[in-house]
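In each ligand, atom 1 is the first atom listed, and ligand 1 is the first ligand listed. These figures come from a predicted structure and were not determined experimentally.
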Amino acid sequence: MALPKLVILISGRGSNMISIVEAIEAGSLPVTIAAVISNRPNAAGIDYANKAGITTAVLDHKSFESRESFDEALADKIDSFKPDLVVLAGFMRILTTDFVHHFKNSLINIHPALLPKFKGLNTHQRAIDAGEKEHGASVHIVTAELDDGPVVLQARVPVLENDTAETLAARVLEQEHKLYPAAIKKLIEDTSD
Ligand code: GRF
């Protein structure tokens, strides 16, 4: 049987995308990557993917007139690869409801917080400010509401006394890199039952 196909969307360094590539190479994640797509032409993750021999595409949101026209072009581009799963990995764009509906139940995201806590940005500083003893990351199915939708898997880390947003972010990121491949594997196993 053919392996499930992923399209991964990034905006920056792409360390979560790299963790997925490494899990595939290590033989622990039975999927293929059809393409890595970035909305930023200078995303470091695109260089990595090119060097790894993965098909890449850049769709610069700045060259589109509206959020709607960008999302339509992005959906068309993704569709051209016929993926089973669309993986948001540090993709820093809010997506239109139409886009989300188009990929209903096949669009997932990683968010650096224990959802439903701390949706949105600056999650690490907000967790520290709120006096949280525990923080982490969540992989969830994307629905029309930002950072909402059913959680697939979460990873937890302690918040330490002297943590800054940076030290906490680094501790969470280390877990994200294990969490995302594990969550993708879980989703694929659940849907093939
Ligand atoms: C990660 O912390 C992710 O949870 C958040 O943005 C960051 C992206 O990092 N949404 P990277 O580009 O995968 O390295």
Side-chain angles (χ1 to χ4, degrees), residues 6-26 29 31 33 35-52 54 56-61 71 74 85-95 99-100 103 107-129 132 134-159 163-187:
L6 313 185
V7 165
I8 305 180
L9 304 191
I10 64 166
S11 296
R13 66 189 164 183
S15 72
N16 277 292
M17 174 269 294
I18 294 170
S19 75
I20 295 167
V21 174
E22 288 176 350
I24 295 170
E25 282 170 356
L29 183 60
V31 300
I33 299 176
V36 172
I37 304 176
S38 171
N39 65 311
R40 295 212 180 110
N42 55 356
I46 285 290
D47 290 343
Y48 173 92
N50 280 330
K51 285 188 190 127
I54 297 167
T56 61
V58 173
L59 240 73
D60 187 349
H61 62 276
D71 276 16
L74 182 60
L85 199 59
V86 181
V87 177
L88 304 179
F91 186 67
M92 301 306 282
R93 296 278 304 166
I94 292 180
L95 295 160
F99 182 96
V100 171
F103 295 105
L107 181 62
I108 60 172
N109 181 42
I110 189 158
H111 181 73
L114 293 173
L115 290 173
K117 285 183 177 175
F118 309 115
K119 297 175 181 183
L121 297 173
N122 301 324
T123 55
H124 308 301
Q125 189 59 54
R126 285 159 61 209
I128 292 170
D129 293 346
E132 296 288 325
E134 215 180 27
H135 185 48
S138 310
V139 172
H140 66 99
I141 311 272
V142 177
T143 55
E145 211 143 318
L146 182 70
D147 298 329
D148 207 70
V151 168
V152 180
L153 270 188
Q154 289 183 317
R156 290 162 190 278
V157 301
V159 180
D163 262 334
T164 61
E166 288 70 33
T167 58
L168 184 54
R171 192 174 310 118
V172 171
L173 191 65
E174 212 181 301
Q175 292 307 313
E176 287 183 44
H177 295 160
K178 296 179 194 148
L179 179 69
Y180 222 168
I184 293 169
K185 194 166 183 207
K186 179 174 191 290
L187 268 175

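At a 4.0 Å cut-off, not a single heavy atom of Ala137 sits close enough to ligand 1 to count as contact.
In terms of protein heavy-atom proximity, atom 5 (C) of ligand 1 is nearest to Pro112 CD, 4.0 Å. The single protein non-hydrogen atom nearest to atom 10 (N) of ligand 1 is Ile110 O, 3.4 Å, given as residue, atom name and distance.
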Residues Leu95, Phe103; criterion side-chain contact (heavy atoms from CB on, under 4.5 Å); working and verdict: CA-CA 11 Å; Leu95 295 160; Phe103 295 105; over 6 Å; no
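Residue-ligand proximity, Gly90 to ligand 1, at heavy-atom distances under 4.0 Å covers atoms 6 (O), 8 (C). Each of the following atoms of ligand 1 lies closer than 4.0 Å to a heavy atom of Arg13: 9 (O), 11 (P), 12 (O), 14 (O).
Residues Arg171 and Pro158 form a side-chain contact, since some pair of their non-hydrogen atoms from C-beta on lies under 4.5 Å apart.
With 3.5 Å as the limit, one finds no donor-acceptor pair spanning the side chains of His111 and His140.
Among Gly14, Gly45, Gly12, the residue whose heavy atom lies nearest to atom 12 (O) of ligand 1 is Gly14. With atom 2 (O) of ligand 1 as the reference point, the heavy atom nearest to it among Glu176, His124, His111 is part of Glu176.
Sorted by first and then second residue, the pairs that involve residues 115-127 and meet salt bridge (charged side-chain N to carboxylate O under 4.0 Å, His left out), not counting sequence neighbours, are Lys117-Glu132, Lys119-Asp148.
The residue from Ile184, Val172, Leu153, Asn16 that alone fulfils the side chain to side chain contact (heavy atoms under 4.5 Å, CB included) condition with Leu179 is Leu153.
Sparse packing is recorded around CD of Glu174, with 12 or fewer heavy atoms of other residues, nucleotides or ligands lying under 6.0 Å away.
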